[in-house]
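Please read the structure below before turning to the comments.
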2 protein chains.
Amino acid sequence: MTPGPRELLKDVGLRVTAPRIAVLDWLAEHPHATADSVAEGVRARLGSVSTQAVYDVLNACARTGLLRRIEPAGHPARYETRTGDNHHHLVCRVCGRTEDVDCVHGAAPCLEPSAAAGFAVDEAEVLFWGRCPDCRGTPKEQPA
Amino acid sequence: MTPGPRELLKDVGLRVTAPRIAVLDWLAEHPHATADSVAEGVRARLGSVSTQAVYDVLNACARTGLLRRIEPAGHPARYETRTGDNHHHLVCRVCGRTEDVDCVHGAAPCLEPSAAAGFAVDEAEVLFWGRCPDCRGTPKEQPA
DNA sequence: CATGCTTTCTGGAACGGGTCAAGAAAACGA
DNA sequence: TCGTTTTCTTGACCCGTTCCAGAAAGCATG
């Protein structure tokens with residue numbers, strides 16, 4: 001079975017605390033949530049958690065690989081528990097809604113730039129921009 | 001011959017002003033410059049230009065397609081005059097240095113996500129993350 | 001189960017890139 | 001040349017995020 005938050009935290013050497021468990025649980029149920037909505041969800045469950053605690057947890061988990069952070073230009077960062085398979089994302093320009101996309105070209109296309117210019121490349125990030133079903137009618141503004 | 005800034009501006013219906021010409025000229029010579037360094041370059045040439053003027057020019061040109069804006073997560077936005085060919089970018093995690101990369105798979109790979117989830121996709125953005133030659137020795141901090 | 005060292009959480013201030021707003025100035029069609 | 005419209009200036013402001021110091025937990029020992 002899938003390891004729970006406690007095991008995951010221990011595995012990467014992070015302390016097991018209520019805020020961390022709550023954050024991981026919430027994100028497992030709500031992928032691509034923003035820091036803000038994670039904070040909301042965690043507070044609904046634990047009562048009161050500081051903004052910094054949430055950011056600390058998110059950063060610590062992202063650093064140790066428990067979470068992946070997606071930062072679409074012009075939108076707040078989003079987090080997901082699905083890590084390690086380098087899948088891509090579909091982002092709505094209007095509301096920022098984010099969905100997973102498996103790569104078209106099989107396993108890992110686009111992973112090697114033709115000319116690396118001396119760079120040590122360690123990741124290829126692919127983002128598809130568009131409008132989600134809810135925002136297709138909206139020309140440039142926020143949805144209702 | 002390549003059209004100059006004046007022609008480009010007129011073509012898209014923007015007024016021809018000194019700040020605009022200076023911004024376009026500067027960017028033609030310094031691709032992938034940040035708003036900040038554009039402002040510096042423009043001021044060196046024109047004497048004094050407000051920050052807003054620079055942002056206005058950059059936004060207006062990006063909106064009309066004269067410029068392309070790249071916003072790497074965790075780094076200030078960068079601008080380039082090479083538009084319309086949907087090439088990709090190589091970004092240094094440490095210093096933010098950005099280089100052009102032509103796509104490996106010929107013309108336009110990765111352009112169609114396998115499942116669009118009802119989204120109207122209009123752009124595929126590919127970013128390669130790594131460390132530039134100058135920052136390869138630097139573990140996690142800014143370069144000297 | 002106590003103890004004490006370390007990591008984490010709290011609360012509040014601060015930061016940086018970028019935008020908004022009101023008025024002055026410059027572009028350009030008539 | 002004039003008048004309308006767009007653009008530039010100055011200055012305040014916003015939002016997501018991070019920094020700081022101190023208080024409060026976690027957890028490896030005795």
Side-chain angles (χ1 to χ4, degrees), chain A residues 5-24 32-40 42-43 45-64 66-67 69-79 95-96 98 140-142, chain B residues 5-24 32-40 42-43 45-64 66-67 69-79 95-96 98 140-142:
Chain A
R6 282 185 173 72
E7 291 70 46
L8 292 171
L9 287 167
K10 281 189 178 161
D11 285 352
V12 298
L14 288 176
R15 296 200 172 164
V16 178
T17 67
R20 290 185 171 171
I21 294 171
V23 165
L24 291 175
H32 311 124
T34 58
D36 207 51
S37 70
V38 169
E40 250 182 79
V42 168
R43 284 184 190 122
R45 176 164 155 181
L46 298 182
S48 140
V49 180
S50 72
T51 305
Q52 273 54 39
V54 174
Y55 275 101
D56 274 354
V57 173
L58 293 173
N59 288 336
C61 292
R63 184 164 22 84
T64 53
L66 292 187
L67 291 179
R69 165 191 226 149
I70 309 133
E71 298 179 61
H75 297 273
R78 285 161 184 267
Y79 299 83
C95 68
T98 303
K140 270 286 181 187
E141 305 305 316
Q142 308 311 326
Chain B
R6 284 186 171 71
E7 291 71 43
L8 291 170
L9 287 167
K10 280 189 178 162
D11 284 353
V12 298
L14 289 176
R15 294 198 174 169
V16 177
T17 67
R20 290 185 172 171
I21 293 170
V23 165
L24 291 175
H32 313 125
T34 59
D36 208 51
S37 68
V38 169
E40 251 182 79
V42 167
R43 284 185 190 120
R45 174 161 157 183
L46 297 182
S48 140
V49 180
S50 72
T51 306
Q52 271 53 41
V54 174
Y55 275 103
D56 274 355
V57 172
L58 292 173
N59 287 337
C61 292
R63 185 165 23 84
T64 52
L66 292 187
L67 292 179
R69 163 193 228 150
I70 308 134
E71 299 180 61
H75 298 273
R78 284 161 183 268
Y79 298 83
C95 69
T98 303
K140 268 288 182 186
E141 305 307 316
Q142 308 311 326

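Computation of the quantities below employed the complete heavy-atom set of this structure, encompassing side-chain atoms and omitting hydrogens, waters and symmetry-equivalent molecules.
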Report the distance from atom [atom1] of [X] to atom [atom2] of [N], rounded to the nearest whole Å.
| X | N | atom1 | atom2 | answer |
| --- | --- | --- | --- | --- |
| I21(A) | dG26(D) | CD1 | C1' | 12 Å |
| D56(A) | dC20(D) | CG | C1' | 12 Å |
| R20(B) | dT9(D) | CZ | C1' | 15 Å |
| E71(B) | dG18(C) | CD | P | 7 Å |
| R6(B) | dA27(C) | CZ | P | 11 Å |
| L9(A) | dC27(D) | CG | C1' | 14 Å |
| R63(A) | dT8(C) | CZ | C1' | 12 Å |
| L14(A) | dT7(C) | CG | C1' | 10 Å |

Original post:
Given side chains that start at C-beta, do those of V57(A) and V42(A) come closer than 4.5 Å, heavy atoms only?
Top reply: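 No; the side chains remain at least 4.5 Å from each other.
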
The side chain of [X] is closest to which nucleotide in this list: [options]?
| X | options | answer |
| --- | --- | --- |
| V57(B) | dC8(D), dG18(C), dT8(C) | dC8(D) |
| S50(A) | dG16(D), dT10(C), dT9(D) | dT10(C) |
| A77(A) | dC8(D), dC9(C), dT17(D) | dT17(D) |
| P19(B) | dC8(D), dT19(C), dG17(C) | dC8(D) |

Subject >> Any donor-acceptor N/O pair, R78(A) side chain to G96(A) backbone, under 3.5 Å >> reply: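 Between the backbone of G96(A) and the side chain of R78(A) there is a qualifying donor-acceptor contact (under 3.5 Å).
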
Original post:
Any donor and acceptor pair, going by atom type alone, linking the side chain of R20(B) with main-chain N or O of R15(B) inside 3.5 Å?
Top reply: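 The answer is yes, because a donor-acceptor pair under 3.5 Å joins these two groups.
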
**OP:** To the nearest 0.5 Å, tell me how far I21(B) CD1 sits from L9(B) CG.
**Re:** 6.5 Å

**OP:** Check every strand shown and say whether S48(B) touches a base, only sugar-phosphate, or nothing at a heavy-atom separation below 4.0 Å.
**Re:** sugar-phosphate

**OP:** Scan A60(B) against the nucleic acid and name what it touches under 4.0 Å (heavy atoms): base, sugar-phosphate only, or nothing.
**Re:** nothing

Original post:
At their closest point, which heavy atom of V49(B) faces which heavy atom of P19(B), and how far apart are they?
Top reply: CG1-CB, 4.5 Å

**OP:** Establish, with yes or no, whether the OP1 or OP2 oxygen of dC8(D) is under 4.0 angstrom from a side-chain nitrogen or oxygen of T17(B).
**Re:**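 It does, given that an N or O in the side chain of T17(B) lies less than 4.0 Å from OP1 or OP2 of dC8(D).
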
**OP:** Using a cut-off of strictly less than 4.0 Å, decide whether Y55(A) has a side-chain nitrogen or oxygen near OP1 or OP2 of dT17(D).
**Re:**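 Yes, within the criterion.
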
Subject >> Position toward the 5' end of DNA chain C (nearest nucleotide), D36(B) or K10(B) >> reply: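 Residue closer to the 5' terminus by nearest nucleotide: D36(B).
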
**OP:** Check whether the side chain of R15(A) and the base of dT6(C) form a donor-acceptor pair under 3.5 Å.
**Re:** yes

Subject >> Donor-acceptor pair (no angle test) under 3.5 Å: Q52(B) side chain, dT19(C) base >> reply: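 Answer is yes: a donor-acceptor pair is held.
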
